[in-house]
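Everything on this sheet refers to the single structure shown next.
Order of the sequence lines fixes the chain letters, A, B, ..., with proteins taken first and strands second; residue numbering starts at 1 for each chain.
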4 protein chains.
Amino acid sequence: MNVPTDRYVSEATFYVRYAETDTMGIVHHSAYLVYCEELRSQYARDMGTNYAEFEKEGLALAVSEVHMRYLVPVVYGQRVTVRGWVVEAKSRRITFGYQIVDPDNGTVHATGTTSHICVTRAGQVARIPEHWMELWDAGSSSKEEI
Amino acid sequence: MNVPTDRYVSEATFYVRYAETDTMGIVHHSAYLVYCEELRSQYARDMGTNYAEFEKEGLALAVSEVHMRYLVPVVYGQRVTVRGWVVEAKSRRITFGYQIVDPDNGTVHATGTTSHICVTRAGQVARIPEHWMELWDAGSSSKEEI
Amino acid sequence: MNVPTDRYVSEATFYVRYAETDTMGIVHHSAYLVYCEELRSQYARDMGTNYAEFEKEGLALAVSEVHMRYLVPVVYGQRVTVRGWVVEAKSRRITFGYQIVDPDNGTVHATGTTSHICVTRAGQVARIPEHWMELWDAGSSSKEEI
Amino acid sequence: MNVPTDRYVSEATFYVRYAETDTMGIVHHSAYLVYCEELRSQYARDMGTNYAEFEKEGLALAVSEVHMRYLVPVVYGQRVTVRGWVVEAKSRRITFGYQIVDPDNGTVHATGTTSHICVTRAGQVARIPEHWMELWDAGSSSKEEI
């Protein structure tokens, strides 16, 4: 999966944490989901807001699907850059794409996608409010309904 | 710290999880706090209830202090037994003690204590309801007020 | 994805841990990967061994791909049963399938697959030793080479 | 515990991650240990090196004791600043002190200490090499032997 050139791509760079590694001496595969989540937080901040504001409106983006490919292990001592973008923004569902790379030499460590359904606190599927859709929709060409 | 003989001691035994290990090849020190938390969950289940019920009453036991001593590392492939008991139960605060051992050979891997303050959802300190205090108080000799 | 009837299916049942939940009040999606990993540990134990033995042979099963669908959230206080089986066992790669259900009412919470490449400590791809392949191959119908 | 003025104090500021929160809607107490660990990583980087280098010398700093006080909960959407310093540096053991604060308003969320024993890969206690001791000793007044 390549990073798209036709829409906004958010980026976050940080050192991996020792606690994220395992006995194999590499970052545990579950930590990549946390990195992708942190990228979504960064995306919202890039747009001048905070995902905490979304939840204050009584909504949440529940993860409905995750697909991750692990290409080259990441080790402690290393920094990673997570890049993320909106693959598809529908009225009730949004899909993000990711690339996790070494910011120093460009090695691609992993790629993936996550899909999210907008739900109320009671767990009911809901439309993503217009002012949020505008953020995630920025640069995305897919606006069809589900 | 020895396991007390004058009060109820709850026990939970499980295999450590690969994700809990780190590059040193041992269980990460933060995982022990999760083990102790799981023991508190087990304690409530031993008493015929579930800590989820406590939260349904609009209350929570917020962790106010943690003290843990790590004696012998735990490695993947191993089971641990967590033993836990009430050190002190006051009207608004409860302290648990723990011992984490190898169930097969008795090796003591760690000991510790955690203290908890009863709070409402709004974060206000609150009295622990009587019917919960009775559970945690069982066998404890310290019932003075704070 | 349905649980297959033509091969061995391992099962592990446990209470979800409080630390695995998030602000939405549900188990975080990354925890499911840890549940699946624990199922793989259980699978090895079911076969009379321990994945730790695999690593003692200087090998590891590095996660190369993860695909997870989240259907119904899991909340604290609940038990889950993870079922797992070998989807495909090749000479250097093995794929597991999973179903995560509520053992009390059968609700399917999530389904998924994980793929693993056999690697040496130096990170080189290696053949899975015959005596291990026999375990994972048990009941699987796919034995072609990659 | 106050931040000392007579020795080096390292600092790391970051947003808390959604995965670190729990059903109470606050950052889980075990995450603070990971924050402190990340501060120790930052401390080594401040000194122009990386803790990964320490491990390349066949050594590790195993956590032997943790003491943490939780004063004010941290919520998602918030940044924290972790400050850390060397409380005591002995030939085989080092103790760090921490303060976790809100960088925007100065609220002290938590304070704590962690102690570490220098061990070889085989788990034997070892002297901290001189060139590492110099880093951690910088500004510390306690240099007595254990």
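- Between D/Tyr32 and B/Ser30, the side chains place no donor N or O within less than 3.5 Å of an acceptor N or O (distance only, hydrogens not considered).
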message = Using the rule given for ring-ring contact (aromatic ring centres under 6.0 Å, His included), can you reason through B/Tyr35 versus B/Phe14, listing the C-alpha separation, both sets of side-chain angles and the distance that settles it, and then say yes or no?
response = CA-CA 9 Å; B/Tyr35 296 171; B/Phe14 43 80; 5.1 Å; yes
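- The existence of a salt bridge linking D/Arg79 and D/Asp104 is confirmed by a sub-4.0 Å separation between a basic side-chain nitrogen and an acidic carboxylate oxygen.
- Of all the listed residues (D/Glu37, D/Arg121, D/Glu55), the one sharing the greatest number of non-hydrogen pairs under 4.5 Å with chain B is D/Glu37.
- Ring orientation note: the planes of D/Phe54 and D/Tyr51 are close to parallel, at an angle under 30° on the 30°/60° scale.
- Checked options B/Thr95, B/Ile94, B/Leu61; the residue passing with B/Ser115 is B/Thr95 (criterion: side chain to side chain contact (heavy atoms under 4.5 Å, CB included)).
- Among the residues in residues 64-73 of chain B, those with a non-hydrogen atom closer than 4.5 angstrom to a non-hydrogen atom of chain D are B/Ser64, B/Glu65, B/Val66, B/His67, B/Met68, B/Arg69, B/Tyr70.
- For B/Ala110, no part sits under 4.5 Å from any heavy atom of chain D, backbone or side chain.
- Less than 6.0 angstrom separates the ring centroid of B/Tyr43 from the ring centroid of B/Phe96.
- The contact between D/Val34 and chain B is made entirely by side chain atoms (from C-beta outward), counting heavy-atom distances below 4.5 Å.
- Side-chain atoms of D/His109 and D/Gln78 form a donor-acceptor pair, as typed in the model, at a separation below 3.5 Å.
- Top candidate by heavy-atom pairs under 4.5 Å with chain D, chosen from B/Ile26, B/Thr113, B/Val119, B/Val63, is B/Val63.
- Side-chain contact check for D/Trp132 and D/Glu57: at least one donor-acceptor pair (N or O, by modelled atom type) lies under 3.5 Å.
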